[in-house]
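To keep things clear, I will list the structure first and then write my remarks on it.
Below, all heavy atoms of this structure are taken into account, side chains as well, without hydrogens, waters or symmetry copies. Only a predicted model underlies this, so the values are computations on that prediction, with no experimental measurement involved. Throughout, a chain's letter reflects where its sequence line sits, starting with A, and its residues are numbered from 1.
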Protein chains: 4
Amino acid sequence: MVKKAGDKYHAIIDAAVKVIAEHGYHNAQVTKIAREAQVADGTIYLYFESKDDLLISLFRLKMTRFVEKVKHQIELVDTVEQKLYQLIYMHFKQLAMDQDLAIVTQIELRQSNRDIRKLIGATLKIYHQLIEDLIRQGIDEGKFHQQLDIRVMRQMIFGTIDETVTSWVMKEMKYDLLSLVQPVFFLLMNALKCK
Amino acid sequence: MVKKAGDKYHAIIDAAVKVIAEHGYHNAQVTKIAREAQVADGTIYLYFESKDDLLISLFRLKMTRFVEKVKHQIELVDTVEQKLYQLIYMHFKQLAMDQDLAIVTQIELRQSNRDIRKLIGATLKIYHQLIEDLIRQGIDEGKFHQQLDIRVMRQMIFGTIDETVTSWVMKEMKYDLLSLVQPVFFLLMNALKCK
Amino acid sequence: MVKKAGDKYHAIIDAAVKVIAEHGYHNAQVTKIAREAQVADGTIYLYFESKDDLLISLFRLKMTRFVEKVKHQIELVDTVEQKLYQLIYMHFKQLAMDQDLAIVTQIELRQSNRDIRKLIGATLKIYHQLIEDLIRQGIDEGKFHQQLDIRVMRQMIFGTIDETVTSWVMKEMKYDLLSLVQPVFFLLMNALKCK
Amino acid sequence: MVKKAGDKYHAIIDAAVKVIAEHGYHNAQVTKIAREAQVADGTIYLYFESKDDLLISLFRLKMTRFVEKVKHQIELVDTVEQKLYQLIYMHFKQLAMDQDLAIVTQIELRQSNRDIRKLIGATLKIYHQLIEDLIRQGIDEGKFHQQLDIRVMRQMIFGTIDETVTSWVMKEMKYDLLSLVQPVFFLLMNALKCK
DNA sequence: GATGAATGAGGCTTCATTCAT
DNA sequence: AATGAATGAAGCCTCATTCAT
């Protein structure tokens, strides 16, 4: 397999995102992706072991970048409140700016098979970790409840954010996702903060 | 098409749930479902127009019952707090008791194709409606925040509950889902309540 | 198998003609024919051995009646010219009056499988025989050519008549078939007569 | 879809003709045709959209060539008598030389479904046109009857020729079709000519 | 490295026929 | 005699993957 460095590696991944967003997971045949990437069908197999490998790589690449950006932005601010705000803002911002990616991650990729889902689950753990670190900081600083299960808190944060994005995608992105940063932040802070 | 009344209608749906839970959405062939239901392949087409129709019917039937039970239980109590508690409790309870159904609704059915997902979305609206009614009651009674978008509140409630169940399923149901009723309820009340 | 005498025997055959004319040979399922005949699916198998048997019986019954009528009418006149005229007239007349039957015999039944076609061929022989008898009379009376192969003459008569009807059916019976009796008779007489 | 130029396009069509002639229309499964053409099942779908498309293409290709040859041969002679003779001769000659094709066009393809039959009808129009042009020439030259409907004349010519071939095929080609060119020509000339 | 024609396994669905009532 | 729910065999087509060029 060729190293990832090549232009084509990213061209294929981007083509996959576009094709899946446009035609749906079940209509994203290898041939279609190859045509969109302007390579031959066989070329895809020089860069990826299988179609599954392409999809996993796609999710991993995009997710890693996604998390990296959130993480980087969070490190620029100090208080846990600001960090949570940045997390929600960056999450919404990135998907609002790349609507194809939003469709793919919120809807289409969830239709993939078990093995892919498992690996996606593994990739998501990094993001979950990030959220749990944030929660721990909040608890340490005495700002968040101490008795609550961190996992449950994380599930609330991720669940709320994820459901908000999914609803927005399902409504065909007809409203401004970023306008929901504020209310979502408010609700989550309310839920978590130690009064 | 034969009427739904027959034993076989439900036998087929139950067989489908079991086969999908066991083998996954993409390995739930009609032949497998038929064998599990102890009918011939063709018999399925006496009760359902297509495999898609079977899956949609499955979800609609189970979801309708699900919502009916939650709705019924909620009506037995008065305060909005009790209602929210019952909602979470019933949601977790029903899926904890029918783990095959949990796998199917949380994981496998989300892999279905666009058309099925659309109809599933329509069915879910009933549940969303139920939650929003509950929120409105809370607002009317002056217990919940008034300035917040009801949709965002609903997304938080549903997103948190759904993510909690999905995480539990992904962890292969190794812990007691019902033990999370209390903390989830606490967090959600915290988030919503007007202080 | 029940005897043919019953009402249902003919009800089923007539239903078959109607269903095939309406929906085409490949969409004439047993269930549809049964419903049209107002009997149960299984009842058909009390009167016919198989669907093929029904179709063969249908053709044989209709064909026999058809030929009988032509034969009877021909016997009422003396000269071979009058007989040929009656043959063409009766052929066109009967199909013009029963357009469903016309569709079935000219178009749909020709789509049936090999075995049915073979038996249909056998049934057609009676009609061929009738035509050849007529030709022989013409030759004997010194009115038709004597050197020509009777089979070729018969093929011309039948071929011309049959193609004329088929063309009419293909044109959705938009013109009056009976207006073609005269010209077809004229052409055929021209061809055959000894000058 | 790959272009028709490839060897395989014709290999598949020829295989289809052979399989249909040998096993009959209803027993000409895609798998059988593929095996005969020595390609994989899927390969057929690189060259044809569907099985129907293959059958239509088959008929169109063979029919077009057929008509082209007849047309070409007719143009080599001047008088309408010679042209009619060539038409009959070429028609019989081509089918006598390719008996598989004869079986397919006279018997099996007529068993195809409505859509295929419609397109076959359209293709046949070219041939009908050719015959009618010939008739018009005969009339213009004062050799054929002028009062007769050209359509009826064409139906006689085509009907007689077609029935002659069909009878020959049904008799399992046990006699020499070409020996019928002369008598058929004689009969048709007799019918049409202005005396 | 790149191509793209060829492969072939596998599944949904139809419908003539049966048989318990 | 009549019913009609149940049967199950059989076929068209898709598409991820390969490999000769």
Can you check the [X] [atom1] to [N] [atom2] distance for me, whole Å?
X        : N       : atom1 : atom2 : value
Tyr45(A) : dG4(E)  : OH    : C1'   : 13 Å
Leu46(C) : dT17(E) : CG    : P     : 14 Å
His26(B) : dA16(F) : NE2   : C1'   : 14 Å
Leu54(A) : dT17(F) : CG    : C1'   : 14 Å
Asp7(C)  : dA1(F)  : CG    : P     : 13 Å
Ile44(D) : dG8(E)  : CD1   : C1'   : 12 Å
Phe48(D) : dT14(F) : CZ    : C1'   : 18 Å
Tyr25(D) : dG11(F) : OH    : P     : 14 Å

Compare all side-chain heavy atoms of [X] with those of [Y] and state whether any distance is below 4.5 angstrom.
X         : Y        : answer
Asn27(D)  : Gln29(D) : yes
Thr105(C) : Lys62(C) : no
Gln106(B) : Leu95(B) : yes

Problem set entry | salt bridge (charged side-chain N to carboxylate O under 4.0 Å, His left out): pairs with one or both residues in residues 28-47 of chain B, sequence neighbours excluded |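 Checked against salt bridge (charged side-chain N to carboxylate O under 4.0 Å, His left out) - neighbours excluded - the pairs reaching residues 28-47 of chain B are Lys18(B)-Glu36(B).
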For this session: Evaluate whether atom CD of Gln38(C) has more than 12 neighbouring non-hydrogen atoms of other residues, nucleotides or ligands under 6.0 angstrom away.
Result: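 Counting other residues, nucleotides and ligands, CD of Gln38(C) stays at 12 neighbours or fewer.
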Exercise. Asn27(A) or Ala28(D): which one's nearest nucleotide on DNA chain F is closer to the 5' end?
Worked result: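 In this pair, the answer is Ala28(D).
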Which listed nucleotide ([options]) is nearest to the side chain of [X]?
X        : options                  : value
Tyr47(D) : dT14(F), dA5(E), dT17(F) : dA5(E)
Ser50(A) : dA6(F), dT17(F), dA2(E)  : dT17(F)
Lys8(B)  : dT3(F), dA6(F), dT3(E)   : dA6(F)

Rounded at 0.5 Å granularity, tell me how far [atom1] in [X] sits from [atom2] in [Y].
X         : Y         : atom1 : atom2 : result
Lys51(D)  : Ile44(D)  : NZ    : CD1   : 9.5 Å
Ile103(C) : Thr166(C) : CD1   : OG1   : 12.0 Å
Asp100(A) : Glu108(A) : CG    : CD    : 11.0 Å
Asp53(C)  : Phe48(C)  : CG    : CZ    : 7.0 Å

For this session: Convert the base pairs of DNA chain F into dot-bracket notation, remembering that pairs crossing earlier ones are written with [ ] and that bases paired across to another strand are shown as |; include only Watson-Crick or G-U pairs under 3.5 Å.
Result: .||||||||||||||||||||
Exercise. Do any of residues 29-42 of chain D sit with a heavy atom less than 4.0 Å from DNA chain F, and if so which?
Worked result: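 Under 4.0 Å from DNA chain F: Gln29(D), Val30(D), Asp41(D), Gly42(D).
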